[in-house]
Engineer: 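One structure, pasted below without further comment.
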Amino acid sequence: MAYNHKAELSKPERFVGGHRLCAGCGAGIVCRAMTRALDEGDKAVICNATSCLEVSSFLYPYTAWEDSYIHSAFENTSAVCGGVEAAYNVLKRRGKIDDTFKFLAIGGDGGTYDIGFQSLSGAMERGHDMAYFCYDNEAYMNTGIQRSSSTPRFSNATTSPTGKVSNGKQQNKKDLTAIMAAHNIPYVAQTTFIGNFKDFHEKAHRAIYTPGPTFVNVMAPCPRGWQYPAELLPEICKMAVETCIWPLYEVVEGKWILNYEPKKKLPVTEFMKLQGRFKHCFRPGNGWTLEAAQAYVDEQWEKLTSRCV
């Protein structure tokens, strides 16, 4: 499907204004782009884990969602979505439903990488026809900016604080996109929103319309947790890609495809310096943290490029 930016922007919004998400938050952009990837005329059921997104987009009796919406618990979004998809198939076979529905689940990294991982893994293994979108803001932002397994090494969080004896989180970030690819599902992708959203839209559309279980991991910065001015959101996403901290790639039927390779791979400092959560790394005596972060990204980039065709 050829991407037509003008045509996509002319579609009616399915995630509308009036929500309470922070200015400069990536989650709302993920939702707008995700629902815009649906073909006009198709209906959707959105299953949303407890998260910043849930508490900000659905405050009864008000909602920012134009499609059917289910708020699930932190840990069972994928199970709920898979159950609804199974019920739909039964009703469809019995002739009680004629409409075409798509089933989308969405959660933050806390509800995806950690608490909801067992549910996600199970739904993917069972083969439900659903697309799961993770908006990855790299911490438990809704409950106080606690570290998650998605939080990168050296990041400051309330449960991995920086100080005289600590340089933030001690462990590297979990590579969930690769873990989902190991489930041997039809489609897995990693993306973010930069430029004209072409990469995000094409991956979202492919995920939604590929039969079977699919997964899309979207870097979605958080201004409060990452400590940046709202207007820097696009620049942070761009630097994440240009430094290869967050590569753009997809796995189609087991085939790894690199979607973008920077003409000149920038140092990780170009990404880290934009955010207050890494400011301690730039203090005198902490240069080793920047060296370690660069070495890890270089290692991961080499592994990824060796897999891709």
Side-chain angles (χ1 to χ4, degrees), residues 3 5-6 8-9 21-34 36-37 52 108-109 133-139 141 150-156 172-173 175-177 188-207 216-250 257-279 281-282 289-290 293-305 308:
Y3 176 79
H5 190 58
K6 184 176 181 180
E8 292 306 317
L9 290 179
L21 290 167
C22 299
C25 171
I29 301 175
V30 173
C31 295
R32 291 181 66 192
M34 175 185 75
R36 188 178 284 125
C52 285
D109 54 280
F133 290 81
C134 174
Y135 70 94
D136 187 356
N137 55 31
E138 299 189 329
M141 302 305 183
S150 171
T151 306
R153 189 181 181 193
F154 306 123
S155 179
N156 177 50
N172 283 310
K173 179 186 175 90
D175 189 353
L176 183 61
T177 310
V188 174
Q190 186 165 287
T191 187
T192 188
F193 25 88
I194 57 174
N196 64 2
F197 292 87
K198 182 176 185 292
D199 187 79
F200 186 108
H201 173 85
E202 290 180 341
K203 289 174 178 174
H205 189 275
R206 179 173 283 181
V216 182
N217 207 359
V218 191
M219 173 172 276
C222 168
R224 287 183 55 81
W226 293 23
Q227 300 170 43
Y228 64 84
E231 64 271 16
L232 284 186
L233 172 65
E235 182 68 11
I236 288 173
C237 292
K238 179 180 179 181
M239 286 300 103
V241 175
E242 295 296 332
T243 59
C244 299
I245 285 175
W246 191 259
L248 305 182
Y249 70 95
E250 57 191 340
I257 303 167
L258 186 66
N259 304 117
Y260 176 78
E261 183 171 0
K263 292 180 180 178
K264 181 182 179 182
K265 183 168 170 281
L266 298 178
V268 297
T269 52
E270 294 301 305
F271 172 78
M272 296 171 71
K273 71 182 183 182
L274 299 174
Q275 307 158 55
R277 62 177 177 159
F278 293 118
K279 66 181 180 181
C281 295
F282 295 88
T289 62
L290 300 175
Q294 185 66 65
Y296 178 72
V297 169
D298 291 344
E299 177 187 349
Q300 294 301 106
W301 176 250
E302 186 175 344
K303 286 181 181 178
L304 174 62
T305 53
C308 293

Engineer: Measure the acute angle between the ring planes of F200 and F193, then classify it against the limits of 30° and 60° as parallel, tilted or perpendicular.
Structural biologist: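 F200 vs F193 ring planes: tilted.
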Engineer: If you measure from OG1 on T192 to CD1 on I236, what distance do you get to the nearest 0.5 Å?
Structural biologist: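 Reported to 0.5 Å precision, the distance equals 10.5 Å.
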Engineer: Quick one: side-chain hydrogen bond (donor to acceptor under 3.5 Å, both in side chains) pairs with a partner in residues 228-245, sequence neighbours left out?
Structural biologist: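 side-chain hydrogen bond (donor to acceptor under 3.5 Å, both in side chains) check on residues 228-245 returns E242-Y260.
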Engineer: Give me the atom names and distance for the closest heavy-atom approach of T289 to C281.
Structural biologist: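 Of all heavy-atom pairs spanning T289 and C281, the closest is OG1-CB, 3.3 Å.
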Engineer: Please determine which of K203, Q190, M219 meets the side-chain contact (heavy atoms from CB on, under 4.5 Å) test together with L248.
Structural biologist: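 Testing L248 for a side-chain contact (heavy atoms from CB on, under 4.5 Å) against K203, Q190, M219 leaves exactly one candidate, K203.
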Engineer: Going through the checks in order, is the side chain to side chain contact (heavy atoms under 4.5 Å, CB included) test met by Q227 and N156?
Structural biologist: CA-CA 10 Å; Q227 300 170 43; N156 177 50; 3.7 Å; yes
Engineer: Shortest non-hydrogen contact from D109 to A139?
Structural biologist: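 The answer is OD2-N, 3.0 Å.
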Engineer: One thing to verify: whether E202 and R206 come together as a salt bridge, which I'm taking to mean a side-chain N less than 4.0 angstrom from a carboxylate O.
Structural biologist: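 Judged by the 4.0 Å cut-off on N to carboxylate O distance, R206 and E202 do not form a salt bridge.
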Engineer: Measuring from atom CD1 of I29 to atom OH of Y135, what distance do you get when rounded to the nearest 0.5 angstrom?
Structural biologist: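 Going from CD1 on I29 over to OH on Y135, the span is 13.5 Å.
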Engineer: Is it true that, when you exclude K265 itself, more than 12 heavy atoms of the residues, nucleotides or ligands shown sit nearer than 6.0 Å to its NZ?
Structural biologist: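 Yes, enclosed.
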Engineer: Which heavy-atom pair separates P152 from E138 by the least distance, and what is that distance?
Structural biologist: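 Smallest interatomic distance, heavy atoms only, reads CD-OE1, 3.4 Å.
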Engineer: Identify the two heavy atoms, one from V297 and one from C244, that lie closest to each other, and give their separation to 0.1 Å.
Structural biologist: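 Looking at all heavy atoms of both residues, the shortest contact is CG1-O, 3.6 Å.
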Engineer: Under 4.0 Å between a Lys/Arg side-chain N and an Asp/Glu carboxylate O for D136 and K173?
Structural biologist: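 Looking at D136 and K173, the cut-off is met.
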Engineer: Are any side-chain N or O atoms of R36 and backbone N or O atoms of E8, one a donor and one an acceptor, separated by less than 3.5 Å?
Structural biologist: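 Yes: the side chain of R36 pairs with the backbone of E8.
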Engineer: Determine whether T269 and F282 satisfy the following criterion, side chain to side chain contact (heavy atoms under 4.5 Å, CB included), listing intermediate values before the conclusion.
Structural biologist: CA-CA 9 Å; T269 52; F282 295 88; 4.1 Å; yes
Engineer: What is the minimum heavy-atom distance between L258 and Y249, and which atoms define it?
Structural biologist: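 Closest heavy-atom pair between L258 and Y249: CA-CB, 4.1 Å.
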Engineer: Atom CD of E299 and atom CG of L304: how far apart are they, to the nearest 0.5 Å?
Structural biologist: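 It comes to 12.5 Å.
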Engineer: How close do G24 and P223 get, counting heavy atoms only, and between which atoms?
Structural biologist: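 In this case the closest contact between G24 and P223 is O-CD, 3.3 Å.
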Engineer: Which of these, N259, N217, T177, D199, sits in a side chain to side chain donor-acceptor pair (under 3.5 Å) with T191?
Structural biologist: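 The residue from N259, N217, T177, D199 that satisfies side chain to side chain donor-acceptor pair (under 3.5 Å) with T191 turns out to be D199.
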